[in-house]
**Student:** 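Can you keep this structure in mind? I'll have questions shortly.
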There are 2 protein chains.
Amino acid sequence: MNNLTKIRIKDVAKRANVSVGTVDRVLHNRGEVSAHTRDLVITIIEEMGYKPNVIASALAQKKRTRFALLVPMVDGINPFYLEYEAGIEKAKAELIDFGTLVDVHAYDPILNTFSACLERCLETAPDAIIASPMVLSEADKNRLEAFGWNKVTLFGPNAGHNEALQMSQDAFRSGYVGARLLSYGLPKETTVLVINIGRNALNDQLYQERFAGFRQYLNDRNITEMSIRKIEIEGIQEGDIKKSLTNAFLDYSFVRGLFVSGSHTGKVARFIEEKKLGNIRVVGYDLTDENVQYLRKGHIDFLLSQNPRVQAYRAIMSTFEHHMLDKAFPAKRIPVDIITKDNVDDFIP
Amino acid sequence: MNNLTKIRIKDVAKRANVSVGTVDRVLHNRGEVSAHTRDLVITIIEEMGYKPNVIASALAQKKRTRFALLVPMVDGINPFYLEYEAGIEKAKAELIDFGTLVDVHAYDPILNTFSACLERCLETAPDAIIASPMVLSEADKNRLEAFGWNKVTLFGPNAGHNEALQMSQDAFRSGYVGARLLSYGLPKETTVLVINIGRNALNDQLYQERFAGFRQYLNDRNITEMSIRKIEIEGIQEGDIKKSLTNAFLDYSFVRGLFVSGSHTGKVARFIEEKKLGNIRVVGYDLTDENVQYLRKGHIDFLLSQNPRVQAYRAIMSTFEHHMLDKAFPAKRIPVDIITKDNVDDFIP
DNA sequence: TAACCTTGCGTTATCGCTAACGGGATTGAT
DNA sequence: ATCAATCCCGTTAGCGATAACGCAAGGTTA
């Protein structure tokens with residue numbers, strides 16, 4: 001049923017009446033082969049359907065390759081990012097035996113030390129850079145350009161530069177999904193409140209795109225009878241949020257749907273719980289502990305997730321496969337996972 | 001930042017004043033080692049944090065291992081199963097260089113030739129069996145018992161035997177999610193219709209579990225005001241279905257929510273489209289071409305998916321990692337993916 | 001023509017681990 | 001005491017691919 005043995009480089013060499021060294025030179029364009037034998041070997045490789053043994057290749061590799069990973073890391077402030085860690089460790093463990101090392105460079109997303117971090121990272125002359133930036137300054141872009149966009153992978157919520165390899169979620173589309181979920185559960189002629197917490201330069205673009213998707217859904221459906229109110233809460237402290245929400249609900253007591261465009265959905269849910277505001281649909285983002293807790297309690301209806309663990313893992317592995325195994329970098333983006341109380345267990349580690 | 005070199009078996013041997021052969025014997029319990037050196041080597045392995053190089057190990061492996069994969073295969077009848085293929089091919093390609101071969105044994109789920117297939121498969125004396133059965137007869141169970149449950153992985157919608165390794169979706173929970181989605185979008189005091197298409201011994205258990213989950217959700221919420229009607233459609237031909245649905249809607253014209261407990265959701269959606277029945281919520285299963293088409297058109301609101309491609313891939317890879325790399329078999333089940341018109345692109349190949 | 005370079009290719013040590021092989025030391029049987 | 005069996009353990013030839021090394025043939029220069 002199956003052929004028990006794969007074609008080896010030795011088999012190809014024999015058929016072509018050359019040595020394994022020559023075949024290897026052809027395979028890796030290492031030169032020192034005449035055009036004639038080159039063509040001959042290529043023909044035979046295709047004829048025999050030779051596929052390199054990646055295991056043996058990895059073992060024989062003399063040169064280790066090093067990936068530099070730039071990720072935001074903050075303790076406590078935004079638990080979302082800590083989620084990367086498990087995915088990173090998994091990828092590291094799988095790649096170490098392939099001679100590929102992953103150096104983690106952490107930057108502070110609050111103080112926005114990305115640029116400095118990038119500079120330090122570049123000094124180590126990595127073979128590829130895999131980064132989850134908040135924003136890319138022009139200086140950063142120039143540095144990456146000089147490094148070579150083809151050796152740069154961007155991932156995470158704020159990934160975005162067309163010349164680099166990309167692995168991220170479509171923020172616009174996630175907002176679109178959010179609007180569908182919210183409107184699906186609400187009567188017509190209703191008002192929904194979009195809440196943006198922790199607004200600053202770092203995450204503003206992300207929230208804007210999500211909101212744009214949200215609004216687009218309503219436009220596409222000609223839902224003129226459903227109107228949107230929007231509030232921005234600058235701080236992320238419990239007190240700030242409570243105060244802002246209290247004020248908001250004085251004006252918008254009639255609201256039956258909330259769309260929280262960031263990961264602080266749980267804080268809104270807590271407010272709803274404390275104020276005993278019943279019968280309000282809530283759609284938010286990300287599987288933080290707090291969010292999951294309120295999802296379970298029933299104060300959040302849906303969470304949209306981009307599974308950071310999977311995202312980091314895939315970004316690293318896809319980069320590896322692209323650079324080392326000549327595979328195409330996947331065009332697919334990270335799926336918009338829809339999480340409810342019932343299937344949440346399937347998505348947490 | 002990172003250690004460039006892993007501890008090798010040679011390093012352990014030197015520290016323990018033994019040869020690599022002895023360390024290898026300890027690592028694989030091949031015996032012929034005195035209790036004393038055994039303990040010594042184990043201690044040093046733990047001290048140094050030695051982790052075998054899986055790449056080198058795979059390359060050196062003399063004995064190829066063979067997995068037998070038993071999957072249902074029908075052309076055209078139930079496109080669901082064809083989905084396995086991509087996942088299977090991906091896993092095969094990744095494992096071939098690890099010296100692990102995957103032989104695919106296809107059985108006919110309609111004629112239920114599983115038992116015969118299993119018997120043929122056992123004659124090839126595989127190292128492990130990975131099967132997606134419809135049902136397991138007692139004879140099948142006895143055969144697998146004799147083969148060794150610890151070498152058996154069951155996956156797919158009808159997986160189920162506690163002693164085997166398991167990779168499947170929780171059917172009950174998916175029904176629960178379905179009920180939540182349906183009730184979320186419907187007013188109270190409404191009637192939902194559960195439609196079961198293609199009922200037979202093969203998929204009956206699956207549908208029952210989904211329905212049980214569906215009903216449980218309503219019970220948990222004390223939704224006495226939402227009532228359930230249920231119809232069973234034996235055939236899966238277009239005509240059968242249309243006739244049954246026409247009859248059903250004579251009785252249940254007031255219904256605003258449909259839960260289709262199997263993969264033939266698209267056929268129901270077509271009926272709705274043709275009869276121009278507006279304002280009906282539809283929740284169903286599986287990303288068949290037909291289903292996706294009607295999801296896109298807006299006649300299906302949600303599809304619950306168990307991503308067969310991923311399921312087959314994971315079943316094979318997890319079995320490999322469990323048997324070959326001594327990793328724990330993942331306890332997590334396949335997530336219940338919630339698919340809408342907007343995020344469906346993220347989930348199709 | 002001698003001395004040198006270039007081109008094109010074969011040979012081989014190496015990566016870390018596996019497992020077959022063989023041999024020294026100890027024990028038991030006769 | 002001799003021989004065989006058993007127990008433990010070291011040695012080593014692979015697995016397939018890589019890349020450094022070396023060398024023959026032909027070409028170039030002085």
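Letters A, B, ... are given to chains in the order of the sequence lines, protein chains preceding strands, and every chain is numbered from 1. A quick note: this is a predicted structure, and the numbers were derived from the prediction, not measured.
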**Student:** Just to be sure I understand the rule, does B/Ile9 reach a base, reach only the sugar-phosphate, or reach nothing, if contact means heavy atoms closer than 4.0 Å?
**Tutor:**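 Answer is sugar-phosphate: B/Ile9 comes under 4.0 Å of backbone atoms only.
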**Student:** Please determine if A/Lys327 forms a cation-pi arrangement with A/Phe329, meaning its NZ or CZ atom is less than 6.0 Å from the six-membered ring centre and no more than 45° off the ring axis.
**Tutor:**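 Not flagged: A/Lys327 not positioned over aromatic ring of A/Phe329.
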**Student:** Between C/dT12 atom P and A/Lys10 atom NZ, what is the distance in whole Å?
**Tutor:**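 Going from A/Lys10 (NZ) to C/dT12 (P), I get 14 Å.
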**Student:** Is a donor-acceptor contact shorter than 3.5 angstrom present between the side chain of A/Arg30 and the base of D/dA19?
**Tutor:**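 Answer is yes: a donor-acceptor pair is held.
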**Student:** How far apart are the closest heavy atoms of B/Val20 and B/Ala13, and which atoms are they?
**Tutor:**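 Residues B/Val20 and B/Ala13, closest heavy atoms: N-CB, 3.8 Å.
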**Student:** So for B/Glu32 and D/dC7, does any side-chain atom that can act as donor or acceptor lie under 3.5 Å from a complementary atom in the base?
**Tutor:**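 For B/Glu32, whose side chain was compared with the base of D/dC7, there is no donor-acceptor pair (under 3.5 Å).
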**Student:** Please tell me if A/His28 has a side-chain N or O lying less than 4.0 Å from either OP1 or OP2 of D/dT18.
**Tutor:**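 Yes, within the criterion.
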**Student:** Below the 4.0 Å mark, does C/dT18 have OP1 or OP2 next to a side-chain nitrogen or oxygen of B/Ser57?
**Tutor:**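 Yes.
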**Student:** Assign each of B/Arg38 and A/Arg8 to its nearest nucleotide of DNA chain D by heavy atoms, then name whichever residue's nucleotide is nearer the 5' end.
**Tutor:**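 Counting from the 5' end, the first nearest nucleotide belongs to B/Arg38.
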**Student:** Between A/Ser34 and C/dC9, is there a contact of a side-chain N or O with OP1 or OP2 at under 4.0 Å?
**Tutor:**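 For A/Ser34, the contact criterion (side-chain N or O under 4.0 Å from OP1 or OP2 of C/dC9) is met.
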**Student:** If you look at every strand shown and take non-hydrogen atoms under 4.0 Å, does A/Val18 touch a base, only sugar-phosphate, or nothing?
**Tutor:**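 Contact class for A/Val18: sugar-phosphate only.
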**Student:** Indicate, with yes or no, if the rings of A/Tyr313 and A/Phe155 have centres closer together than 6.0 Å.
**Tutor:**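 No.
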**Student:** Do any side-chain nitrogens or oxygens of B/Gln61 fall under 4.0 Å of OP1 or OP2 in C/dA19?
**Tutor:**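 Checking C/dA19 against B/Gln61, a side-chain N or O does come within under 4.0 Å of OP1 or OP2.
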**Student:** Can you measure A/Leu59 atom CG to C/dA13 atom P for me and round it to whole angstrom units?
**Tutor:**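 Rounding to the nearest Å, CG of A/Leu59 and P of C/dA13 are 17 Å apart.
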**Student:** Could you state the NZ-C1' distance from B/Lys63 to C/dA20, rounded to the nearest angstrom?
**Tutor:**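 Answer to the nearest Å: 15 Å.
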**Student:** Using a cut-off of 4.0 Å on non-hydrogen atoms, how would the nucleic acid contact of B/Asn53 be classed: base, sugar-phosphate, or nothing?
**Tutor:**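 The residue B/Asn53 makes sugar-phosphate contact but no base contact.
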**Student:** Could you please spell out the steps behind the side chain to side chain contact (heavy atoms under 4.5 Å, CB included) verdict for A/Val41 and A/Ile45?
**Tutor:** CA-CA 6 Å; A/Val41 169; A/Ile45 283 175; 3.8 Å; yes
**Student:** Toward the 5' end of DNA chain C, which comes first, B/Arg25 or B/Val54, by nearest nucleotide?
**Tutor:**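 The residue whose closest nucleotide sits nearer the 5' end is B/Val54.
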**Student:** Expressed as a whole number of angstroms, how long is the span from A/Arg64:CZ to D/dA19:C1'?
**Tutor:**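 Spelled out: CZ on A/Arg64 to C1' on D/dA19 is 15 Å.
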**Student:** Assess whether atom NZ of A/Lys141 is packed by more than 12 heavy atoms of other residues, nucleotides or ligands within 6.0 Å.
**Tutor:**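 Atom NZ in A/Lys141 is crowded, with more than 12 foreign heavy atoms closer than 6.0 Å.
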**Student:** In whole Å, I'd like the distance from the CD1 atom of A/Ile96 to the P atom of C/dG16.
**Tutor:**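 After rounding, the reported distance stands at 11 Å.
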**Student:** C/dC15 P sits how many Å from B/Asp11 CG, rounded?
**Tutor:**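 So the CG-P distance, B/Asp11 to C/dC15, works out to 11 Å.
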**Student:** For D/dC8, does OP1 or OP2 lie under 4.0 Å from any side-chain N or O of B/Thr37?
**Tutor:**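 For B/Thr37, the contact criterion (side-chain N or O under 4.0 Å from OP1 or OP2 of D/dC8) is not met.
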**Student:** Does OP1 or OP2 of C/dG16 have a side-chain N or O of B/Tyr50 closer than 4.0 Å?
**Tutor:**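 False: B/Tyr50 side-chain N/O out of range (4.0 Å or more) of C/dG16 OP1/OP2.
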**Student:** Assess whether atom CZ of B/Arg143 is packed by more than 12 heavy atoms of other residues, nucleotides or ligands within 6.0 Å.
**Tutor:**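 It does: B/Arg143 CZ has more than 12 such atoms within range.
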**Student:** To the nearest Å, give me how far apart CG (A/Asp97) and P (C/dC17) are.
**Tutor:**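 From A/Asp97 CG to C/dC17 P: 8 Å.
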**Student:** From the set D/dA19, C/dG10, C/dC17, return the single nucleotide nearest to any side-chain atom of A/Lys62.
**Tutor:**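 So the nucleotide nearest the side chain must be D/dA19.
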**Student:** What's the NZ-P distance between B/Lys6 and C/dC15, to the nearest Å?
**Tutor:**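 In whole Å, C/dC15 P and B/Lys6 NZ are 16 Å from each other.
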